[in-house]
Amino acid sequence: MGTHRGKILDVNLSTGIVKTTKIEEDVLRKFIGGSGLAAKLFFDRVPPDVEPLSDKNVLFLMAGPLSGTNFPTSSRVVAAFKSPQTGIWGQASAGGSLAAEMKKAGYDGIAISGASSKPVYLVIENDKVEIKDAADLWGKDCYQTTDILTERHGAKSDMLEIGPAGENLVKFACILNGKWGSVSRCGGGAVMGSKKLKAVVIRGTGKVEPASPEEFTKIRKTVLKKIKENVSAQAIAEAGTAVACEIYAIIGILPVKHFTVGDSSLYGPKLSGGAISAQYLTKTHSCLTCPIGCKRAVKVAEGPYAIEEGPGPQYETIGAFGSSLQIDDLAAILKMGETANRYGVDTISCGGTIAFAMECFEKGIITSKDLDGGQLRWGNPDDVLAMIEKIAKRQGFGDVLAEGSRSAAKQIGKDAESCTAEIKGLEMAMYDPRGAHGHGLSFMTSNRGACHVASTIGYVEQNWITWSDVGIIGDFDAKAGEGKGELNVKCESLDMLTNSATLCRFALMSMAVTDLAEALKATTGFDYDLDEIMECGDRIWMLQRGLNNLMGVTAADDRMPKRILTPHTDGPVAGLVPNVELMLREYYKARGLDANGRPLKEKLNSLGLSDLAAKL
Amino acid sequence: MSVKVRLPSLLRKYANGQELLEVTGYSPVECLHNLVVQFPDIRRWVYDKQGELRPQVWFFTNGERISADELTNRLKDGDELFILLALGGG
């Protein structure tokens with residue numbers, strides 16, 4: 001099995017029982033690892049009607065077959081769970097060294113069930129697993145927790161931890177991976193909080209050897225060379241993911257004022273990676289095995305938003321706390337990012353929920369009375385910083401917003417729902433679909449909600465990247481819907497593969513898919529070819545979709561927020577809206593979904609998912 | 001023929017920090033060629049190893065994006081050319 005360990009570590013926090021479960025080779029071959037294997041384990045073990053914050057929910061922390069090797073960007077850990085924010089499939093991932101430590105410790109994944117009656121943290125060192133008292137950590141922010149646990153357990157271990165937001169069951173609380181990674185979306189932090197699990201510390205000392213070392217070395221060298229020659233990867237290395245701000249503002253996909261304003265010209269240069277580099281960058285930082293190094297360390301030396309040197313924001317945070325809130329003060333945005341990280345909240349959902357509340361305030365749906373005499377004004381960083389803290393601590397109106405914008409809108413009533421921009425309960429990522437119609441489709445069809453990393457179509461339809469070996473090539477119009485349905489099916493499979501392998505998508509955009517098949521073959525020893533791994537991608541998406549159907553998702557949930565169907569009156573994409581009916585019709589046909597949004601039984605059977613077919 | 005060329009923030013450090021500079025050239029591709037002669041460190045961002053223009057390089061003349069078959073069209077004195085690297089982020 002090569003790099004597969006063939007086992008999952010099971011930890012029950014209610015009983016304290018720790019054991020391992022064997023994973024059959026056949027399952028590993030079909031579901032690969034990471035997100036795919038998590039979906040299979042969830043399907044086999046967890047009832048779909050489980051309450052997300054109950055002790056019956058299971059938190060899966062997963063590595064993939066590339067983890068623990070020195071394959072470029074094989075650094076990602078995946079968390080999967082039933083989401084307390086959306087009530088459906090939840091998953092998120094982060095780059096760091098945790099997945100490598102997990103593999104070196106001897107596990108393909110960890111399944112955490114039950115709930116402790118008091119705060120605890122897990123320490124896993126190879127086959128030694130301890131559930132330790134976390135009373136002294138509870139209440140500490142994520143950075144403080146990382147510092148304490150690093151001192152206690154050594155710098156060679158890696159960790160996942162939650163902050164006060166997770167402890168307070170904020171529905172979009174994230175799980176931080178030390179200080180540099182964030183398992184951000186869907187509320188995994190609240191799942192940990194509901195289990196009174198403050199942190200997971202892992203250290204492994206075993207060797208992780210590819211099944212075919214020579215073939216592995218060969219493909220590794222090939223991919224490394226391709227990454228170094230890829231201009232997109234090199235631009236991200238040079239200026240971080242915020243390098244995209246400038247171009248996105250020009251092509252009309254950088255959201256402004258919660259997707260309600262079309263002219264983004266003010267924000268592109270001001271919030272770009274170049275602007276960060278010129279004013280606040282101190283150094284760059286890489287995930288384990290990554291030759292790109294997209295992460296930025298920043299420092300704001302003085303002023304009201306001064307912060308010590310530490311991890312800086314990526315593009316999504318800059319959009320969510322910047323242009324979407326009409327804030328162009330970069331120092332303030334860096335402060336917001338740091339604040340969100342310390343408290344442990346998903347910056348996209350936090351920014352999106354605050355934007356929702358700003359709209360409500362502007363329209364008089366909520367008033368200063370609701371905000372305990374405070375305000376939520378567009379373009380006001382101090383209002384935002386105050387609200388991030390209130391959300392994390394569930395204080396005052398923060399307690400309402402801590403439920404996420406969809407639930408908050410229901411609670412507020414009146415016309416609050418018109419102020420939301422979410423799909424399946426997940427606030428939209430920072431891409432305005434009016435300038436990227438296919439990307440908008442992928443928001444609607446993503447299994448975790450409005451997710452920007454569930455499909456590579458955003459890159460493809462702008463004609464930036466092609467994958468000719470799987471037929472992803474053409475001269476696309478990003479502002480048209482024709483052909484995007486079938487394209488999205490293929491592009492989604494690619495991100496299923498990166499999340500299962502586990503691999504950073506910035507590597508994939510430099511590679512051929514055939515290279516990934518070669519890498520998986522060399523690491524696992526399974527004689528994968530291109531067709532088989534694409535089928536794996538299809539299977540994994542279908543299983544996650546089927547789980548969602550069992551959790552209540554229907555075709556009605558594959559929808560676009562109303563505001564996106566209203567054209568901007570100015571800006572680069574004035575007058576345009578995506579043709580969602582056309583795209584969804586094409587997509588359903590290409591994907592094999594019926595009119596209710598459920599996979600066709602024959603399609604499931606062809607993918608070896610007859611057990612799912614029987615339940616649907 | 002003197003044209004103003006505006007650079008994206010990513011490329012400014014390779015042009016002594018300049019955002020807007022005067023470049024001679026009759027067409028967008030010629031302006032780019034002359035820009036790279038003047039600032040050779042820009043080369044790898046805009047041309048591939050075979051010397052071909054990268055598909056990620058977009059040109060805007062006076063604010064309007066121009067298509068691939070317009071790249072040899074004649075510019076006018078005083079035109080502003082914006083050379084953008086169209087790249088995905090995260």
Side-chain angles (χ1 to χ4, degrees), chain A residues 95 229-236 238-251 253-254 265 268-278 292 294-295 314-319 429-431 436 439 452-453 456 458-466 475 478 504-506 509 572, chain B residues 4-21 28-29 31-33 35-36 39-71 79-90:
Chain A
E229 290 171 356
N230 181 280
V231 71
S232 291
Q234 292 314 306
I236 289 171
E238 180 87 12
T241 59
V243 72
C245 278
E246 203 165 2
I247 174 66
Y248 288 177
I250 287 168
I251 62 176
I253 61 178
L254 179 69
S265 54
K270 273 198 167 187
L271 305 184
S272 69
I276 294 175
S277 296
I292 299 170
C294 70
K295 299 185 176 184
Q314 298 283 14
Y315 165 76
E316 286 288 328
T317 299
I318 289 167
M430 296 295 108
Y431 292 81
H439 207 163
H452 63 299
V453 290
T456 58
Y459 297 146
V460 173
E461 67 176 347
Q462 303 286 354
N463 299 302
W464 294 333
I465 315 265
T466 61
D475 190 13
C504 178
R505 66 210 309 263
F506 295 155
M509 68 185 186
Chain B
K4 288 194 187 59
V5 170
R6 185 177 297 279
L7 294 180
S9 54
L10 182 68
L11 296 184
R12 286 174 207 160
K13 71 185 251 194
Y14 302 105
N16 301 326
Q18 297 177 84
E19 179 184 346
L20 195 62
L21 47 154
V29 284
C31 285
L32 180 64
H33 171 80
L35 178 73
V36 169
F39 302 105
D41 287 339
I42 290 179
R43 176 177 299 280
R44 70 182 175 101
W45 294 104
V46 296
Y47 298 117
D48 65 20
K49 278 190 162 179
Q50 287 72 43
E52 298 291 324
L53 186 65
R54 291 189 186 276
Q56 294 91 353
V57 180
W58 291 7
F59 293 86
F60 296 76
T61 304
N62 301 325
E64 296 289 326
R65 184 166 172 210
I66 59 176
S67 63
D69 53 12
E70 293 172 306
L71 295 182
D79 272 349
E80 182 176 298
L81 188 65
F82 181 30
I83 299 173
L84 182 69
L85 284 184
L87 305 160

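Order of the sequence lines fixes the chain letters, A, B, ..., with proteins taken first and strands second; residue numbering starts at 1 for each chain. Computed over heavy atoms, backbone and side chain alike; hydrogens, waters and symmetry mates excluded.
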**Q.** chain B contact via A:Ile251 - which portion, at a heavy-atom distance below 4.5 Å
**A.** side chain
Q: Kindly indicate whether the side chain of B:Arg54, heavy atoms from C-beta on, has any atom under 4.5 Å from the side chain of B:Leu85.
A: no
**Q.** Pairwise side-chain contact, B:Trp45 with A:Gln234, heavy-atom cut-off 4.5 Å (strictly under)
**A.** yes
(Q) Quick check: do A:Ile276 and A:Ile318 have side-chain heavy atoms less than 4.5 Å from each other? (A) yes
Q: Pick whichever of A:Ser232, A:Gly274, A:Ser277 has the most heavy-atom pairs under 4.5 Å with chain B.
A: A:Ser232
**Q.** Heavy-atom contact with chain A under 4.5 Å, split by part of B:Arg12
**A.** side chain
Q: Mind listing the closest non-hydrogen atom pair of B:Gln18 and B:Phe39 along with its distance?
A: NE2-CZ, 3.7 Å
